Number of protein chains: 2
Amino acid sequence: MVRPKVFGGGTPRGGYLGLMHRVRATIERYVPLDDEAWARIEPMWTLKQHERGELVTAAGSVETRFGIMEEGVHRIFFEHDGQDHSLGFSYDGSWTGVYDSFVTGRPARIQLLSMTPSAAWWIDRADLLRAYVEVPGMERFGRLILEEVLVGRAQREIEMLSLSAEERYRRFMDRSAHLLQLVPQKDIASYLGMTPETFSRLRARVR
Amino acid sequence: MVRPKVFGGGTPRGGYLGLMHRVRATIERYVPLDDEAWARIEPMWTLKQHERGELVTAAGSVETRFGIMEEGVHRIFFEHDGQDHSLGFSYDGSWTGVYDSFVTGRPARIQLLSMTPSAAWWIDRADLLRAYVEVPGMERFGRLILEEVLVGRAQREIEMLSLSAEERYRRFMDRSAHLLQLVPQKDIASYLGMTPETFSRLRARVR
DNA sequence: GATCGTTCTTGATCCAGATCAAGGGCCCGC
DNA sequence: GCGGGCCCTTGATCTGGATCAAGAACGATC
């Protein structure tokens with residue numbers, strides 16, 4: 001079954017997906033890619049394994065990689081005054097990475113943590129910029145995935161500003177209940193902008 | 001003096017700016033544009049005047065325009081349960097529009113209100129998509145402006161999640177105090193995620 | 001320049017959700 | 001299979017900021 005993404009997005013191909021490279025399948029959700037174009041960019045990507053609990057990108061470092069999830073779950077978050085704030089999760093062919101630093105070249109405030117054993121395909125910014133120039137369709141891919149991210153973030157902003165904790169909890173359960181199996185409740189609570197205690201009480205109270 | 005944008009962004013050219021078309025100057029903040037490219041896209045843009053208080057885009061309609069501010073101020077907001085939530089302001093060569101609907105083609109939740117007499121250059125989505133394909137550099141412009149918007153939104157998200165009302169007020173005053181002359185305090189309060197009463201009390205309390 | 005609506009201020013009260021606190025369960029490493 | 005950390009839960013209390021209320025100042029319209 002295809003699941004909606006909490007962060008990043010699009011719908012993975014079904015069925016014959018296993019026969020196609022994950023990266024190519026993801027890119028082709030946005031733009032068609034002929035074999036020649038794929039041959040040019042395929043060597044730019046490298047698969048990296050991450051352990052459960054590994055900090056994939058630490059605050060303060062400049063992040064130059066953009067990733068596509070092969071398997072497992074990443075949590076995107078930042079810290080402030082010792083408090084941890086989750087911004088989203090990546091999995092199943094959606095993108096991963098630290099977009100503030102990747103785009104600006106400044107030290108990251110956002111961090112990335114591998115919540116499970118995971119694997120992601122990474123491309124370096126220099127290679128991606130080269131692909132934008134040299135490979136037809138790739139700059140469009142960059143624009144389209146940004147559009148999708150922006151719309152998703154806007155949706156979240158509207159919900160955070162206008163919904164109560166209970167309503168945010170309900171919508172999360174409708175859309176992404178399966179994440180409860182994969183990450184601790186406290187991180188989902190944080191993603192929903194509430195404390196673990198409030199999350200727990202809502203769980204008990206709501207039906 | 002050049003002012004930072006609260007929403008959308010970049011730095012307008014100074015000095016000789018008056019001699020160059022506003023749209024071309026804005027695009028050239030992101031990509032170089034030769035005279036031929038400009039000649040191809042220039043006819044796609046039309047200048048529209050908006051009255052103070054005019055609803056530039058209403059909720060529920062599909063928005064197909066993307067705009068660049070010539071003068072005046074637009075407020076981007078949405079309504080929920082009769083409450084008004086401001087998401088940002090556009091002015092001085094920054095972009096304007098309703099990005100949720102523009103990107104998705106679905107009815108808008110976000111609305112646009114002209115806070116002052118204003119004028120904006122508008123391009124229709126169909127023309128912009130054509131420009132992306134036909135005019136070198138334009139697709140890159142689309143990608144780069146989206147990157148900038150996304151980074152700005154991420155910055156705001158971090159501040160909304162981790163700062164107190166007082167701290168958000170202080171940062172706003174540091175960055176964008178001049179907006180107080182242009183729009184009602186209640187709208188700035190809403191942009192900062194607080195009530196007009198709280199905003200007023202902070203004003204009295206903070207220095 | 002009087003009138004009316006809107007905005008801003010200031011005070012009193014309220015409340016959703018945070019914080020503080022303590023117990024219990026689970027998993028992991030040895 | 002025992003010990004030590006997380007987690008998660010549940011209860012008691014607290015609080016930042018909202019809501020309710022009422023004037024005062026401002027500005028647009030005739």
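Bear in mind that the values here come from a model prediction, so they are computed numbers and not experimental data. Computation of the quantities below employed the complete heavy-atom set of this structure, encompassing side-chain atoms and omitting hydrogens, waters and symmetry-equivalent molecules. Naming convention: chains lettered A, B, ... in sequence-line order (proteins, then strands); numbering from 1 in each chain.
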**Charged tip of Arg205(A) within 45° of Tyr169(A) ring normal and under 6.0 Å** =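 Not satisfied by the 6.0 Å and 45° rule.
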Which pair of heavy atoms, one from [X] and one from [Y], lies closest together, and at what distance?
X	Y	answer
Gln111(B)	Ala58(B)	NE2-CA, 3.7 Å
Glu54(B)	Leu113(B)	O-CD1, 3.3 Å
Ala120(B)	Thr96(B)	CB-CG2, 4.2 Å
Asp187(A)	Ser86(A)	O-OG, 3.5 Å
Tyr30(B)	Leu144(B)	O-CD1, 3.4 Å

Roughly how many Å is it from [atom1] in [X] to [atom2] in [N], rounded to a whole number?
X	N	atom1	atom2	answer
Glu51(B)	dA28(D)	CD	P	15 Å
Asp84(B)	dT7(C)	CG	C1'	14 Å
Arg205(B)	dT9(C)	CZ	P	14 Å
Met160(A)	dG17(C)	CE	P	11 Å
Arg52(B)	dT6(C)	CZ	C1'	10 Å

**Message:** Is the ring pair Phe66(B)/Phe102(B) parallel, tilted or perpendicular, if the boundaries are 30 and 60 degrees?
**Reply:**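 Judged by the thresholds at 30° and 60°, the geometry between Phe66(B) and Phe102(B) is tilted.
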**Message:** Which residues in residues 161-170 of chain A have a heavy atom closer than 4.0 Å to any atom of DNA chain C?
**Reply:**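 Nucleic-acid contacts, sorted: Ser164(A), Ala165(A).
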Pick out the pairs of N or O atoms, protein on one side and nucleotides 19-23 of chain D on the other, that lie under 3.5 Å.
| unit_1 | atom_1 | unit_2 | atom_2 | d |
| --- | --- | --- | --- | --- |
| dT19(D) | O4 | Arg201(B) | NH2 | 3.1 |
| dC20(D) | N4 | Glu197(B) | OE2 | 3.2 |

For nucleotides 6-8 of chain D, tabulate all protein N/O to nucleotide N/O atom pairs closer than 3.5 Å, reporting atom names and distance.
| unit_1 | atom_1 | unit_2 | atom_2 | d |
| --- | --- | --- | --- | --- |
| dC8(D) | OP1 | Gln185(A) | N | 2.8 |
| dC8(D) | OP2 | Lys186(A) | N | 3.1 |

**Message:** Looking only at side-chain N and O atoms, does His85(B) offer a donor or acceptor that is under 3.5 Å from a partner on Ser162(A)?
**Reply:**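 No - no donor-acceptor pair under 3.5 Å links their side chains.
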**Message:** What contact category does Gly53(B) fall into here, base, sugar-phosphate, or nothing, at under 4.0 angstrom with non-hydrogen atoms?
**Reply:**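 Nothing, no heavy atom under 4.0 Å.
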**Asked** Ion pair present between Glu63(A) and Arg65(A), side-chain N to carboxylate O less than 4.0 angstrom?
**Response**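 Yes, charged N to carboxylate O under 4.0 Å.
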**Request:** Side-chain contact test, heavy atoms from C-beta onward, threshold under 4.5 Å: evaluate it for Phe199(B) versus Arg201(B) and give yes or no.
**Result:**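 They are not in contact (no side-chain heavy atoms under 4.5 Å apart), so the answer is no.
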**Item:** Exam field: side chain Arg22(A) to backbone Glu71(A), donor-acceptor pair closer than 3.5 Å
**Value:**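 No.
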